[in-house]
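Keep in mind that what you see is a predicted model, and the values were worked out from it rather than measured.
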Amino acid sequence: MKIVICEDELVYQVAIRQAIKHWQDASGHNDIEIFLYHSSEELLDQFEQKMEVDLLFIDIQFPGELNGIDLARKIRETHHDVTIVFCTNYSEYVYDGYTVNALRFLKKPIVENDIYFCCNYVYNRLVIRSSNSLTIFSSGKRYALRYTEIRYLEVKAHNLYISTTLRPSPFKINAQLSDIMTELPKALFVLCHRSFAINIAHIRMITRTECLLLNNESIPISRTYIAEVNRAFDRYHQGGISRDDLDDI
């Protein structure tokens, strides 16, 4: 897991890094990389050069530079799945943070348990997305599809089609959508229509009638399922926080 700390005050940069190290020691995870930045604009330059990050801790105020909210907005233009955590005393930015799907707003001075939560949440999400797979039989061949590779499932003409990132055409299988859903993690896959189930990780935007995916495909949402799709989206991107919960931060 790659973690970036972007903080211009050394005392807070050290505190966050130390908390991450303590979490790493306690959890026993040895696959953690930590990168430190003092400048928001330097970090943006790295993202523009295709830097890949799993968890990002950002300050809000960078005197004379791009502020943390604007930095997050620019990062979201190309990096949709990086988890963003703001570390700040400026509570007036909470709703701005919601617009970039921030996981948390952590108040300074930093509390180590808050850092532990963020690290555990992202690490566990990566395990779910990358380590597990769905085994299917299609066109006489057997495939193992990682959950992260599956965009959505569609029922059409009494067959089930699985759209993936692996190829342009979907996999056609002889199975019931309800049966396949029992094999998929509820943290990632949710029904959005009687004929569609969608991978939350592939959603860019939700409206009242459709989900726009990262590859710009549009998947319909029916009124029956829209509330649960929104709840699943919030849980995935914000660690269980709904918009109403932000009033308590």
Between [X] and [Y], does at least one N-O distance fall below 4.0 Å, as a salt bridge requires?
| X | Y | answer |
| --- | --- | --- |
| Arg125 | Asp81 | yes |
| Asp234 | Arg231 | no |
| Glu149 | Arg167 | no |
| Asp114 | Lys107 | no |
| Lys172 | Glu154 | no |

How close do [X] and [Y] get, counting heavy atoms only, and between which atoms?
| X | Y | answer |
| --- | --- | --- |
| Leu191 | Met181 | N-CE, 4.1 Å |
| Asp59 | Phe62 | O-CE1, 3.3 Å |
| Ile150 | Asn199 | O-ND2, 2.8 Å |
| Ala175 | Leu160 | O-CB, 3.6 Å |
| Asn30 | Gln24 | CA-NE2, 4.0 Å |
| Ile58 | Gly68 | CG2-CA, 4.0 Å |

Counting C-beta onward and ignoring hydrogens, is there a side-chain heavy-atom pair between [X] and [Y] closer than 4.5 Å?
| X | Y | value |
| --- | --- | --- |
| Trp23 | Asp25 | no |
| Ile180 | Ile173 | yes |
| Phe35 | Ile5 | no |
| Pro220 | Phe196 | yes |
| Cys118 | Val85 | yes |
| Phe137 | Asn174 | no |
| Arg204 | Asn216 | yes |
| Thr83 | Leu56 | no |

Same hydrophobic cluster for [X] and [Y], using side-chain heavy-atom links shorter than 4.5 Å among ILVMFWY?
| X | Y | answer |
| --- | --- | --- |
| Val14 | Ile34 | no |
| Leu55 | Tyr12 | no |
| Leu212 | Ile206 | no |
| Ile84 | Leu214 | no |
| Ile32 | Leu126 | yes |

Query raised in the report: Could you go step by step and tell me if Tyr123 and Asp31 meet the side chain to side chain donor-acceptor pair (under 3.5 Å) rule?
Result: CA-CA 10 Å; Tyr123 194 92; Asp31 52 349; 3.1 Å; yes

**Report entry** Chi angles and distances behind the side chain to side chain donor-acceptor pair (under 3.5 Å) call for Glu7, His38
**Finding:** CA-CA 5 Å; Glu7 168 63 63; His38 295 278; over 6 Å; no

May I ask you to check whether [X] and [Y] show a side-chain donor-acceptor distance below 3.5 Å?
| X | Y | answer |
| --- | --- | --- |
| Ser39 | Glu65 | yes |
| Tyr152 | His202 | no |
| Tyr37 | Asp8 | no |

Query raised in the report: Hey, does the Lys NZ or Arg CZ of Lys74 hover above the aromatic six-ring of Phe47, less than 6.0 Å from the centre and inside 45° of the axis?
Result: no

Report task. Evaluate the ring planes of Tyr147 and Phe189, with Trp represented by its six-membered ring, and classify them as parallel (under 30°), tilted (30 to 60°) or perpendicular (over 60°). Result -> perpendicular

Report summary line: Rounding to 0.5 Å, atoms CZ (Phe233) and SG (Cys192) come to a distance of 13.5 Å

**Report entry** Interatomic distance, Leu106 atom CG to Thr88 atom OG1 [nearest 0.5 angstrom]
**Finding:** 10.0 Å

Query raised in the report: What about the rings of Phe171 and Tyr161, do their centers lie closer together than 6.0 Å?
Result: no

Query raised in the report: Run the side chain to side chain contact (heavy atoms under 4.5 Å, CB included) check on Gln49 and Gln46 step by step: do they pass?
Result: CA-CA 5 Å; Gln49 295 182 44; Gln46 292 300 308; 4.3 Å; yes

